[in-house]
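Read through the structure below, which is laid out as structure tokens, and then see the notes.
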Amino acid sequence: MKTESARAHIRGLLEQALAAAQAQNKLPPLASTDVTVEYAPPEKADYASNLALRLSRAVRMPPMQVAEVIVAALPESPYLAEVTAAPPGFINFHLDETWLARQVGEVIAQGAAYGNCDVGGSTALQVEFCSANPTGPLTIGSGRNIVLGDTLARVLEAANYAVQREYYVNDVGGQMDIFARTLLARYQQLHGIDAHVPPDGYAGEYMVELAGQIKQESGDALLHVPEDEALQKLHERGLALMLDSIREDCALLGAQFDEWVAQSWLEDEGRVQAAIDTLRERGRVAEREGATWLVSSDLEEDKDNVLVRSNGEPTYFAADIAYHDYKLERGYTSLIDVWGADHHGHVPRVKASLAALGHDPEQLTILLYQLVRVLRGGEEVRMSKRTGDVVTVREVVDEVGVDASRYFLVARSPDTAMSFDLDLAQEQSDENPVYYIQYAHARTASILERAVREGMAPGDADLALLQHPAELTLLRLMIRLPELVEDVALQHTPHRLAFYAQELAALFHAFYRDCRVIDPENAALSQARLQLVQAAKLVFARCLGLMGMSAPDRM
RNA sequence: GCGCCUGUAGCUCAGUGGACAGAGCAUCGGUCUUCGGAACCGAGAGUCGGGGGUUCGAAUCCCUCCAGGCGUACCA
């Protein structure tokens, strides 16, 4: 049995009041109105609704009057101490502080599940993220992709979606051919042959290491087979090794995938051809200039796109259509793709292709994130994928640790082209918000341990004793966690977790300053405060957990 | 040219059309220093890129201009 969040409860009250006011002819009949509740400025109230302001015009009444009618029609609620109409027409809700204090017990009762909500209703949802080409180690940009995708997946799980995490492997096509040719050149070089990396090849040092590993495994065998066969073998083995390394990089960042789907598999299964056939049956395909095109200019896409090249090879785009079709075929009713902004031009194409297959494009949400710059010593680090001159996930995690890596990569809105400051991230001081937040959690642990040492194990407490402003302010934010989870799940804004955690830590430190928890002179109050500290510890741990960060008891 | 993202305090960034624009860092000045000082309090600091418009109300929506980033392949 889960209690409703305060915000959801107030929303319900307003809906009831609206219906009641209309039934009593205090308001004219209205078409269905969506009721929104937001956070009020702290000095005004806890929650507020602009319902009356929005209704004013439709009901032909001044906003304040509408607000008063609604306030009068509101049912009684144990959550609330007072509801008032405030100029120019807000409805302000003040929480009942006794109710609020009792929520400490609610948090503790829910334990590690505190923060969950049910906007998902068990919907089967897939998050596809990272999906970087297996032609090199993961860069910090992919790191942002992983952290956004995985954090979002964690939050969606908390919001009761049945979440599946997937990685799409682009293991065929021109990039992989170049990868294999580069590998061959490196392999030959290691055998003293004067070979050259192709001009468009992957010049990074990791290709030498990869070739070295293959040399160790198979000696010079690949020098004595036809080049086609050598390339085939190098493609296969190089891909496998690269994927192992990518899997490790993901694990370093605390992300794991449920499934890896390969483009080659889709092709082998005939799914790409089947998708093209379906499109053709639906009259969406045209042959022109020797190629096969998807006609999508009437589907919110500004131009047609090639499905099969004039050389008979299907494009990446054709495979991607089959892939998204396959996602929906497996029963995921909601799809999220996390893409770097350099792929944004691809969005209308994929959406149009879903429509062309007869699917609802709304089922697919594409979360775009802007590029990541890296600062070291205050200077921007130049990156080039072609020369292999990149900052990798592995370097960053080695340098600053997984917690700081995840924090900084998640703490910015995906729309912001962020800078990752390596020096700040490994700074172990008050300049670093990672430590600020984790320190607050460690402090809760330390207080609870000390209480046990002093023979004050937390037990039954009269929570109504929690009346100090610092206690109640902290609690007000704590009870917003389920509301935050709901917002992040619906709006795909994982960075808000970071801001929440920071604010919660600030309030906890303020509480710590103002309220002595362990006080033998006042055992009853101490017990109540210990409960509050225990509840706060749970909220910190949950919030950090949703961000994929650890919640250490000691630092 | 066209499309997407961005432009908010010295810096890095929050800010679901609402109530006087916020935080962290930096700067300056303080606190207490017996539950962890990796803490707390205070101060200064903003024409929300410019200009129009919509609205009872705009950082937020629309138009336009300026600046930066990213796209605009029979690459992936």
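All values derive from a computational prediction rather than experimental measurement.
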Base, sugar-phosphate alone, or nothing: which one does [X] contact when heavy atoms must sit under 4.0 Å apart?
| X | result |
| --- | --- |
| A:Asp553 | base |
| A:His495 | sugar-phosphate |
| A:Thr292 | nothing |
| A:Ala48 | base |
| A:Tyr512 | base |
| A:Ala451 | nothing |
| A:Arg349 | base |
| A:Gln502 | sugar-phosphate |

Item to check | Positive for side chain to side chain contact (heavy atoms under 4.5 Å, CB included) with A:Arg144, one of A:Val147, A:Leu148, A:Ile146 | outcome: A:Leu148
Item to check | Residue mapping more 5' on RNA chain B - nearest nucleotide basis, A:Ala442 or A:Thr416 | outcome: A:Thr416
Checklist outcome for this item: Comparing A:Arg450 with A:Lys303, nearest RNA chain B nucleotide closer to 5' gives the residue A:Arg450
Expressed in whole Å, how much space separates the [atom1] atoms belonging to [N] and [M]?
| N | M | atom1 | result |
| --- | --- | --- | --- |
| B:U47 | B:U34 | P | 44 Å |
| B:G7 | B:G15 | P | 10 Å |
| B:U12 | B:A45 | C1' | 16 Å |
| B:C56 | B:C40 | C1' | 43 Å |
| B:G3 | B:G17 | P | 24 Å |
| B:G49 | B:U6 | P | 12 Å |
| B:G18 | B:U31 | C1' | 38 Å |

Item to check | B:C74 base / A:Thr315 side chain donor-acceptor hit below 3.5 Å | outcome: no
According to a strict under-4.0 Å criterion, is [X] in side-chain N/O contact with OP1 or OP2 of [N]?
| X | N | value |
| --- | --- | --- |
| A:Tyr436 | B:C40 | yes |
| A:Arg57 | B:C56 | yes |
| A:Arg309 | B:A76 | yes |
| A:Thr493 | B:G15 | no |
| A:Arg513 | B:C41 | yes |

Checklist entry - According to the interplanar angle, ranging from 0 to 90°, do the rings of A:Tyr39 and A:Tyr47 count as parallel (below 30°), tilted (30 to 60°) or perpendicular (above 60°)? => result tilted
Checklist outcome for this item: Writing each nucleotide of RNA chain B 5' to 3' as (, ), [, ], | or . by Watson-Crick or G-U pairing under 3.5 Å yields (((((((..((((....[...)))).(((((.......))))).....(((((..]....))))))))))))....
Centroid-to-centroid, [X] to [Y], below 6.0 Å?
| X | Y | value |
| --- | --- | --- |
| A:Tyr436 | A:His509 | yes |
| A:His495 | A:Tyr407 | no |
| A:Tyr326 | A:Trp265 | yes |

Next on the checklist: Around atom CZ of A:Arg309, are there more than 12 heavy atoms from other residues, nucleotides or ligands closer than 6.0 Å?
Outcome noted: yes
Next on the checklist: For the base of B:C75 and the side-chain ring of A:Tyr316, does the geometry meet a stacking cutoff of under 5.5 Å between centres and under 30° between planes?
Outcome noted: no
Item to check | Among A:Tyr168, A:Tyr369, A:Trp339, A:Phe257, ring pair (Phe, Tyr, Trp, His ring centres under 6.0 Å) partner for A:Phe129 | outcome: A:Phe257
